[in-house]
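To keep things clear, I will list the structure first and then write my remarks on it.
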Protein chains: 2
Amino acid sequence: MNLLLNEIKQKLLEKGLKVTPQRLAILQALMTHKNHPTAEMIIEYIRYNHPNIATGTVYKILEVLVEKELIRKVQTEKDIMRYDAIMDKHHHLYCSESERIEDYVDSELDELLEAYFIKKGIPDFKIEDIRLHLNGKFLNLE
Amino acid sequence: MNLLLNEIKQKLLEKGLKVTPQRLAILQALMTHKNHPTAEMIIEYIRYNHPNIATGTVYKILEVLVEKELIRKVQTEKDIMRYDAIMDKHHHLYCSESERIEDYVDSELDELLEAYFIKKGIPDFKIEDIRLHLNGKFLNLE
DNA sequence: TTATTAAAAGAGAATGATTCTCCAACAAGT
DNA sequence: ACTTGTTGGAGAATCATTCTCTTTTAATAA
């Protein structure tokens, strides 16, 4: 049993979820592929080892994982949902020419923003979380 | 003919779009209601004066308006799209307990961010636009 | 003002991601 | 191993959105 799977098991148990092969596979797929995949992409990947997993099951599991805060939905302008297993604070780089979305981690920026809003504040709004959407072009090939 | 409608006509003509009652109604609805409505909400509102407008027409017009940059899609975690007619640079406040989304304009913040990224830069990424998603709770009633 | 024509709207079917239902299988504690 | 509530499978159902095809209309020119 590899280390990642044990880690995932642990996460599931901590949230009071039963450990099942399907859940392990989906979380493992999401933690391995950091490209913010769609449900479709996850299904395709998982079917290599789990040929019989039902699409409805995948959607249901993704929903549960989002609810339990083990993964996140990624906001896009498309009606196809994408998912993210990185739960540490980070922002996203959105390609304006493709569907590519990359993580952007910058604790200096986070501190800057936090300080800014502590000083400035927003009337009648209590900030819980700040996420930047940086739209632009990637200069390297994926 | 009221001022807003003339203004909207102008916008359409500038983009090379024919001026139709349906397009006027949709843009007028979006410019009047700044709540980032769904297509469904726009249809419901418009039908008061345009009982016969087809839903397909509304979707088609919204698509054209997005393409011509007269309106924007608002990113959410739902698979129901929402639209925004405010094209000036602004950010969004997302309510963590409801579907409410409010605009947040802050040119001081924009300058701060611009300066930060000019200084810092992101490897292999050319920023075109920076949008903040501020998640939290509204302390007033809508 | 009317004629012309490409663009746009209408109606309703089609699509496709996601959700739901209902039953069988299974994980986890006894 | 046994029991039970939870979870997965299969496929139908849903519903926002898109597509197709036809009719209407806005904008231009005669």
Side-chain angles (χ1 to χ4, degrees), chain A residues 1 5-6 8-29 36-44 46-47 49-68 70-71 73-83 99, chain B residues 1 5-6 8-29 36-44 46-47 49-68 70-71 73-83 99:
Chain A
M1 169 73 55
L5 282 188
N6 269 328
I8 294 172
K9 268 192 185 178
Q10 203 49 43
K11 285 175 194 276
L12 289 170
L13 290 172
E14 279 167 14
K15 298 290 182 175
L17 294 172
K18 287 190 178 172
V19 175
T20 68
Q22 293 84 350
R23 286 175 174 170
L24 289 174
I26 289 172
L27 261 175
Q28 193 256 16
H36 315 90
T38 63
E40 208 56 48
M41 290 161 72
I42 294 167
I43 290 168
E44 189 189 345
I46 286 180
R47 287 243 167 96
N49 288 314
H50 291 256
N52 299 318
I53 196 168
T55 60
T57 300
V58 174
Y59 281 102
K60 214 182 312 173
I61 289 175
L62 288 169
E63 189 188 312
V64 170
L65 296 179
V66 168
E67 212 165 86
K68 296 291 184 179
L70 288 171
I71 65 173
K73 289 183 174 182
V74 177
Q75 295 183 345
T76 72
E77 284 169 11
K78 299 287 158 57
D79 60 356
I80 302 175
M81 197 52 64
R82 296 175 65 168
Y83 297 89
E99 303 307 315
Chain B
M1 166 74 56
L5 282 189
N6 269 328
I8 294 172
K9 269 193 186 177
Q10 203 49 45
K11 285 175 193 276
L12 288 170
L13 290 172
E14 279 168 13
K15 298 289 183 175
L17 294 172
K18 286 189 179 173
V19 175
T20 68
Q22 293 85 351
R23 285 175 176 171
L24 289 175
I26 289 172
L27 261 175
Q28 194 256 19
H36 315 90
T38 63
E40 208 56 48
M41 291 161 71
I42 294 166
I43 290 168
E44 189 188 346
I46 286 181
R47 286 243 167 98
N49 289 314
H50 291 257
N52 299 316
I53 194 167
T55 60
T57 300
V58 174
Y59 281 103
K60 215 183 311 173
I61 290 175
L62 288 169
E63 188 189 315
V64 170
L65 296 179
V66 168
E67 211 166 86
K68 297 291 184 177
L70 288 172
I71 65 172
K73 290 183 173 181
V74 177
Q75 296 184 345
T76 72
E77 284 169 11
K78 299 286 158 58
D79 59 358
I80 301 176
M81 198 52 63
R82 296 175 65 168
Y83 297 88
E99 303 307 316

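To find a chain, count down the sequence lines: A is the first, B the second, and so on, and within it residues start at 1.
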Where do N or O atoms of nucleotides 27-30 of chain C meet protein N or O atoms at under 3.5 Å, pair by pair?
residue : atom : partner : partner atom : Å
C:dA27  : O3'  : A:V19   : O            : 3.4
C:dA28  : OP1  : A:V19   : N            : 3.0

Note to self: Pick the closest DNA chain D nucleotide for B:K73 and for A:I53 by heavy atoms, then say which residue is nearer the 5' end.
What the structure shows: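 First, find each residue's nearest nucleotide; the 5'-ward one identifies A:I53.
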With rounding to the nearest 0.5 angstrom, report the [atom1] to [atom2] distance, [X] to [Y].
X	Y	atom1	atom2	value
B:L62	B:I26	CG	CD1	5.0 Å
A:I53	A:I61	CD1	CD1	5.0 Å
A:K11	A:L27	NZ	CG	8.0 Å
B:T76	A:E77	OG1	CD	10.5 Å

Notebook entry, point to check: Just to confirm, is there a sub-4.0 Å distance from OP1 or OP2 of C:dC26 to any side-chain nitrogen or oxygen of A:Q22?
Noted result: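 Checking A:Q22 against C:dC26: no side-chain N or O falls below 4.0 Å of OP1 or OP2.
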Residues two or more places apart in sequence or in another chain: which of them pass side-chain contact (heavy atoms from CB on, under 4.5 Å) with [X]?
X	value
B:V19	B:K9, B:L12, B:L13, B:L24
B:E67	B:E63
B:Q10	B:E14
B:E44	none

Taking [atom1] from [X] and [atom2] from [N], how many angstroms apart are they, rounded to a whole number?
X	N	atom1	atom2	result
B:H50	C:dA8	NE2	C1'	15 Å
B:N52	C:dA9	CG	P	14 Å
B:R47	C:dA9	CZ	C1'	13 Å

Any residue meeting side-chain hydrogen bond (donor to acceptor under 3.5 Å, both in side chains) with [X], in chain and number order, not counting sequence neighbours:
X	value
B:E99	B:K78
A:Q22	none
A:Q28	none

Checklist line | Contact boundaries on DNA chain D for chain B, cut-off under 4.0 Å to non-hydrogen atoms | finding: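 Taking any atom under 4.0 Å from a heavy atom of chain B, the span is D:dA16 to D:dA27.
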Check: Given side chains that start at C-beta, do those of A:K73 and A:Y83 come closer than 4.5 Å, heavy atoms only?
Finding: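 Heavy-atom side-chain distance check passes, below 4.5 Å.
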Write down the protein N/O and nucleotide N/O pairs, taken from nucleotides 14-18 of chain C, whose separation is under 3.5 Å; answer none if there are no such pairs.
residue : atom : partner : partner atom : Å
C:dT18  : OP1  : A:M81   : N            : 2.8
C:dT18  : OP2  : A:Y59   : OH           : 2.4

Check: Where does DNA chain C form stems of at least three consecutive Watson-Crick or G-U wobble pairs, each pair having both distances below 3.5 Å?
Finding: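 Stem list for DNA chain C: C:1-30 with D:1-30.
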Note to self: I need the minimum non-hydrogen distance between A:A29 and A:I42, along with the two atoms involved.
What the structure shows: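 Heavy atoms only, the tightest pair is CB-CG2, 4.5 Å.
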